[in-house]
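Before any comments, here is the structure.
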Amino acid sequence: MKESGESFPWQSKLLLLIGKGFLRILGSTWRFRVVNGEFVRDLRASRQGFIFSLWHGQLLPLLWFHRNEGALVLISEHRDGELVARAAASLGYGLIRGSTTRGADRALISISRELQTGREVAITPDGPRGPARKFAPGALIAAQRADCFIVPAVALADRAWNLRSWDRFMIPKPFAKVTVAYGTPTKVLGDTPRAAAEEGLRFENLMADTIRTASG
């Protein structure tokens with residue numbers, strides 16, 4: 001990560017400072033309900049590495065909920081990603097820089113290595129630029145290489161603001177009730193990276209099933 005003032009101007013630093021303070025105040029008011037939390041507990045107890053799969057638009061409440069748990073998060077090397085990376089680091093996340101497009105090869109190698117050592121990695125398969133809720137192949141290839149589970153993770157709020165962005169980015173309102181739900185830990189079926197990359201629709205359906213579970 002670049003640290004120079006030139007690469008990260010003071011205006012961005014100020015925005016980050018304000019944003020972190022706002023999130024800590026806002027997040028402290030959210031009330032969480034967890035569905036299928038045993039899926040994550042069991043994987044952690046087995047010390048297996050796994051991938052959290054989450055849609056970009058639901059990133060904020062999930063980052064807050066899983067703060068300071070030692071998970072790694074894949075963050076784009078795009079300029080916008082620098083703000084997200086610094087915010088995630090302030091919440092106790094380790095960082096892997098790259099995406100399924102820009103920096104993909106290096107990121108996939110890093111993800112696979114971390115998974116094989118038992119780490120948890122959070123990936124937004126529709127990030128950083130969409131299309132929304134479409135499963136790009138990066139997480140699938142990493143899971144195939146590491147022979148690990150993908151755990152769908154979703155968040156719904158009873159009251160929230162949605163930005164006019166490609167992902168309808170969700171910000172739960174103060175004192176919102178946020179439901180965090182996990183889907184069944186699932187492995188890719190393909191025995192090669194190419195075959196794994198073709199399973200996007202299957203995992204989109206798993207994410208959709210998890211959203212329906214959260215809504216129940």
Side-chain angles (χ1 to χ4, degrees), residues 1-3 36-56 58-78 80-129 135-155 180 182-197 199-200 202-203 206-207 210:
M1 183 186 301
K2 296 178 181 179
E3 295 292 343
N36 294 334
E38 67 275 11
F39 292 155
V40 175
R41 290 195 297 271
D42 290 347
L43 282 174
R44 287 175 171 170
S46 70
R47 300 187 183 277
Q48 298 180 64
F50 62 92
I51 293 172
F52 281 115
S53 166
L54 49 144
W55 293 137
H56 197 275
Q58 300 173 353
L59 180 62
L60 187 64
L62 288 168
L63 279 180
W64 177 257
F65 183 72
H66 284 286
R67 67 194 184 282
N68 298 322
E69 294 182 359
L72 300 168
V73 60
L74 177 65
I75 302 291
S76 169
E77 291 183 316
H78 189 273
D80 294 345
E82 189 65 24
L83 277 171
V84 178
R86 295 189 182 216
S90 75
L91 293 174
Y93 289 91
L95 304 178
I96 299 175
R97 299 306 301 268
S99 71
T100 54
T101 52
R102 187 177 181 183
D105 291 341
R106 177 163 47 86
L108 286 174
I109 291 172
S110 296
I111 292 168
S112 299
R113 287 175 177 170
E114 296 290 355
L115 291 168
Q116 289 166 349
T117 64
R119 300 295 300 274
E120 303 165 17
V121 181
I123 299 177
T124 54
D126 60 344
R129 294 293 183 183
F135 220 102
L140 302 171
I141 294 172
Q144 187 275 329
R145 288 179 174 176
D147 188 27
C148 77
F149 288 101
I150 295 176
V151 179
V154 306
V180 173
Y182 305 101
T184 303
T186 304
K187 289 189 176 183
V188 298
L189 299 176
D191 56 3
T192 66
R194 182 182 294 273
E199 296 184 41
R202 175 175 171 239
F203 280 85
L206 288 171
M207 293 290 289
T210 308

Step-by-step side chain to side chain contact (heavy atoms under 4.5 Å, CB included) determination, Phe50 to Val121: CA-CA 7 Å; Phe50 62 92; Val121 181; over 6 Å; no

Exceeds 12 heavy-atom contacts within 6.0 angstrom, atom CZ of Arg202: yes

Glu120 side-chain N/O to Gly49 backbone N/O, donor-acceptor pair under 3.5 Å: no

Audit row: Ile150, Leu140, side chain to side chain contact (heavy atoms under 4.5 Å, CB included) steps and yes/no: CA-CA 8 Å; Ile150 295 176; Leu140 302 171; 3.9 Å; yes

Test item: Leu95 and Leu72 side chains (from C-beta on) under 4.5 Å apart, heavy atoms: no

Nearest heavy-atom neighbours spanning Glu199 and Gly190: OE2-N, 2.6 Å

Reported CD-to-CG distance for the pair Gln58 and Leu63, which is rounded to 0.5 angstrom: 12.0 Å

Main-chain N/O of Tyr182 paired with Asn36 side-chain donor or acceptor, under 3.5 Å: yes

Heavy-atom neighbours of Arg113 CZ exceed 12 at 6.0 Å: no

From Asp126 atom CG to Ile123 atom CD1, the distance as rounded to the nearest 0.5 Å: 12.0 Å

Closest contact, heavy atoms only, Ser53 versus Pro125: OG-CG, 3.7 Å

Under 3.5 Å donor-acceptor, Gln144 side chain and Ala196 backbone: no

Aromatic plane relationship, Phe203 with Phe135 - under 30° parallel, 30 to 60° tilted, over 60° perpendicular: tilted

Expected output: side-chain Ser112 to main-chain Ile109 donor-acceptor under 3.5 Å: no

Residue pair Val180 / Pro61, side-chain heavy-atom distance below 4.5 Å: no

Residue pair Ala153 / Met207: nearest heavy atoms and the distance that separates them: O-CE, 3.9 Å

Close side-chain approach of Ile75 and Tyr93, heavy atoms under 4.5 Å: no

Cationic N near anionic O, under 4.0 Å, Glu38 to Arg44: no

Ala122 versus Leu54, closest heavy-atom pair with distance: CB-CD2, 3.9 Å

Ser110 side chain vs Leu108 backbone, donor-acceptor pair below 3.5 Å: no

For the student: nearest non-hydrogen atoms of Lys187 and Asp147, plus distance: NZ-OD1, 3.2 Å

Residues Leu74, Thr124; criterion side chain to side chain contact (heavy atoms under 4.5 Å, CB included); working and verdict: CA-CA 8 Å; Leu74 177 65; Thr124 54; over 6 Å; no

Ile96 and Val73, any side-chain heavy atoms less than 4.5 Å apart: no

Side-chain touch Phe149/Ile51, heavy atoms, less than 4.5 angstrom: no

Closest contact, heavy atoms only, Val154 versus Leu62: O-CD2, 3.9 Å

